[in-house]
Amino acid sequence: MAGKTVVIGGGSGFIGTALSNLLRHCGYDVVVVSRVPGAFNTTWSDLEHNGLPKNTTAVVSLAGQNILDFKRKWNSGFQQTVRASRINTTSSLARAIEEAEIKPNVFVSISGVGYYPPDPIKEYTEYSAGGKDDYFAELCTDWEQSAKLPAEVGVRQVTIRSGVVLGRRGGMIAQLYFPFFFGMGGPVGSGQQYLPWIHLHDIARLFLHAIENQQVEGVLNGVSPNPTTSKEFARAFGSSLWRPALIPLPEFVCNILLGPERARMLTQGQKVIPKRTLESGFVYKYPDIRSACREFSPLIYTDDLDRENISR
Ligand SMILES: NC(=O)c1ccc[n+]([C@@H]2O[C@H](COP(=O)([O-])OP(=O)(O)OC[C@H]3O[C@@H](n4cnc5c(N)ncnc54)[C@H](OP(=O)(O)O)[C@@H]3O)[C@@H](O)[C@H]2O)c1
């Protein structure tokens, strides 16, 4: 294994840090492509000028401006940033692969379940049509397209359509921890809408599964196999903190805070099934919301759960 390098665009973030830890634990070298130069980083312009490092066995695309940043107004400028931060970075990685003399084995890129239009009943698998129905469906379609390599390049490709990633130190759990801890948490709106989710360790393990298994190809839904509503999530998270989680966040408040279009990510949902993911042989460590949320209990505090505990 020594000497095998995985290049991760956006590897400095929430998912990227967990994936880097897991890959290093499994004997890989990791090079992060970032906007910021650093000891284990390369920048996007270095990548453009110097190409992929020697011994690159896999390339992963994870960069993207945080969409649910409450401090940023949902205007056309911010929408452009959200789009460019995903599509330009993913295209740069694809270009670097095309130009590499010695090709990596695999290119794994992330996308979102926003690819599927929100619907209260419909079940979506990887085989379902997504599309161009709204801003997020169009964003995901174009994002996935930007990762596509011509067949003659001969590199295996995997796209992971991720649900909300639940981890102790980032993403949605970090944002909700204190409201729930102080007993002010609850479902969003009616709470009946689905909230496709996956535990941080499982999404990192799913990337590793895609990197290491030659037979894995195409789209995999990165969501838990047990669909969960917003109300079920709130109950499970509340009970892991011994809190009631009864106070709903009204839809109109979400609309005011995020703008109605962006708020749909929380107020409406999709029932997403990881059919191909399961068929590919992936085994979840956290298949249900109770087992995932149990980890966020203050009693299970370890020095750095995400850093030390993550394993195959
Ligand atoms: N977290 C989730 O629940 C979730 C769910 C579905 C899909 N995803 C997608 O998965 C990817 C990784 O998620 P994450 O939660 O790990 O994200 P994150 O921590 O917010 O950010 C990932 C990295 O993207 C880079 N980045 C941020 N803004 C950028 C910009 N304007 N231009 C270029 N690069 C930028 C940053 O790297 P540098 O600062 O080092 O440049 C950052 O470390 C994202 O594309 C996200 O949309 C996440």
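We count ligands from 1, going down the list as the structure has it; atoms in each ligand are counted the same way.
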Where ligand 1 meets [X] - atom numbers and elements under 4.0 angstrom, heavy-atom basis:
X	result
S34	38 (P), 40 (O), 41 (O)
S162	5 (C), 6 (C)
G10	22 (C), 23 (C)
V164	3 (O)

Any side-chain heavy-atom pair from [X] and [Y] closer than 4.5 angstrom?
X	Y	value
S224	Y286	no
P150	E98	yes
D142	K132	yes

*asked:* On a heavy-atom basis, which atom in N226 and which in W197 lie closest, and how many Å separate them?
replied: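 Nearest heavy atoms, N226 then W197: O-NE1, 4.1 Å.
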_Minimum heavy-atom separation for V113 and R161, please, with both atom names._
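Distance-wise, the nearest heavy atoms are CG1-O, 3.8 Å.
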From the candidates [options], the one that places a heavy atom nearest [atom]:
atom	options	result
atom 47 (O) of ligand 1	M172, R86, R35	R86
atom 32 (N) of ligand 1	G167, S85, S109	S85
atom 9 (C) of ligand 1	W197, W143, F14	W143

*Are any of the side-chain nitrogens in R156 or E217 under 4.0 Å away from the carboxylate oxygens of its partner?*
no
Of all the non-hydrogen atoms in the protein, which one sits nearest to [atom], and at what distance?
atom	value
atom 8 (N) of ligand 1	I110 CD1, 4.2 Å
atom 24 (O) of ligand 1	G64 N, 3.1 Å
atom 4 (C) of ligand 1	V165 CG2, 4.0 Å
atom 5 (C) of ligand 1	G163 O, 3.2 Å
atom 31 (N) of ligand 1	Q65 OE1, 3.0 Å
atom 37 (O) of ligand 1	S12 OG, 3.1 Å

Would you say [X] has any N or O atom under 3.5 Å from an N or O of ligand 1, going by distance alone?
X	result
V33	no
A63	yes
V36	no

*Please work out which of the three classes, parallel, tilted or perpendicular, describes the rings of F237 and F233, given edges at 30° and 60°.*
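Answer is parallel, since the angle falls under 30°.
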*Please work out whether the ring planes of H199 and F296 are parallel, tilted or perpendicular, with thresholds of 30° and 60°.*
parallel
*Quick one: does G11 get within less than 4.0 Å of ligand 1, heavy atoms only?*
no
